[in-house]
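Any value given below was found using the heavy atoms of this structure, including those in side chains, with hydrogens, waters and symmetry copies removed. On a predicted model such as this, the values are computed, not experimentally measured, just so you know.
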Amino acid sequence: MPALGARVDLTDRRFGRWRVIRFDHATKRRGAFWLCRCECGCEKVILGYDMRAGRTRSCGCLSRDSTGKTEYEPSPEQIEAEKLAIRKTW
């Protein structure tokens with residue numbers, strides 16, 4: 001186990017779609033920042049704590065990719081109820 005305050009090397013580790021390339025810089029208040037590359041090719045400097053805590057998984061491409069896949073699909077019961085409602089109006 002590393003000493004308290006010691007930086008854990010995250011190089012070459014994966015967090016969601018991020019792959020850590022190298023250490024970038026550190027601040028006293030927020031900790032270590034790492035240069036990461038997303039699977040889509042985007043590079044960004046990310047706070048190490050945010051990656052380890054699961055607060056960031058991609059550059060935004062993950063939500064863009066999943067947006068189209070969450071469209072509403074009615075259940076078979078709802079389809080039948082809609083057909084019945086249409087028949088009643090005739």
Side-chain angles (χ1 to χ4, degrees):
M1 182 138 188
L4 186 62
R7 182 182 325 121
V8 177
D9 187 13
L10 302 179
T11 305
D12 291 327
R13 289 190 51 193
R14 294 188 69 84
F15 297 91
R17 291 188 175 187
W18 291 119
R19 176 173 293 284
V20 180
I21 299 171
R22 64 175 170 80
F23 172 75
D24 192 72
H25 69 279
T27 64
K28 286 185 178 182
R29 291 191 72 191
R30 302 206 52 209
F33 287 80
W34 299 84
L35 178 64
C36 301
R37 180 177 295 128
C38 187
E39 288 178 2
C40 71
C42 176
E43 288 189 3
K44 196 170 184 181
V45 177
I46 308 290
L47 181 61
Y49 177 80
D50 286 346
M51 287 188 291
R52 291 191 316 273
R55 291 200 287 194
T56 178
R57 296 181 297 164
S58 74
C59 64
C61 65
L62 183 62
S63 63
R64 286 191 302 269
D65 289 349
S66 64
T67 300
K69 296 177 185 172
T70 58
E71 292 181 21
Y72 169 74
E73 284 189 35
S75 68
E77 294 82 18
Q78 290 171 324
I79 293 172
E80 288 302 316
E82 288 174 15
K83 287 179 183 177
L84 183 61
I86 291 171
R87 278 189 235 136
K88 285 183 177 181
T89 59
W90 284 82

Check: Once you round to the nearest 0.5 Å, how far does SG of C59 lie from CD of E43?
Finding: 11.0 Å
Margin query: Taking E39 first and then R57, would you say they form a salt bridge - that is, a charged N and a carboxylate O separated by under 4.0 Å?
Written below: no
Next item on the list: Side-chain contact test, heavy atoms from C-beta onward, threshold under 4.5 Å: evaluate it for R7 versus D9 and give yes or no.
Entry: no
Check: Can you name the closest pair of heavy atoms from C61 and S58 and give their distance?
Finding: N-OG, 3.7 Å
Check: Do the side-chain N and O atoms of T56 and W18 include a donor-acceptor pair separated by under 3.5 angstrom?
Finding: yes
Notebook entry, point to check: Are L35 and L47 connected in the hydrophobic side-chain network, where two residues link if heavy atoms are under 4.5 Å apart?
Noted result: yes
Checklist line | salt bridge (Lys or Arg N to Asp or Glu O under 4.0 Å) contacts touching residues 20-30 (sequence neighbours left out) | finding: R22-D24
Check: Do side-chain atoms of R19 reach the backbone of D12 as a donor and acceptor pair under 3.5 angstrom?
Finding: yes
Item checked: Where V20 and L10 come nearest, the two heavy atoms and their spacing -> CB-O, 3.2 Å
Note to self: So C36 and M51, do their side chains get closer than 4.5 Å, heavy atoms only?
What the structure shows: yes
Item checked: Path from V8 to F15 over hydrophobic side-chain contacts below 4.5 Å -> yes
Item checked: Mutual orientation of the aromatic rings belonging to F23 and W34 [parallel < 30°, tilted 30-60°, perpendicular > 60°] -> perpendicular
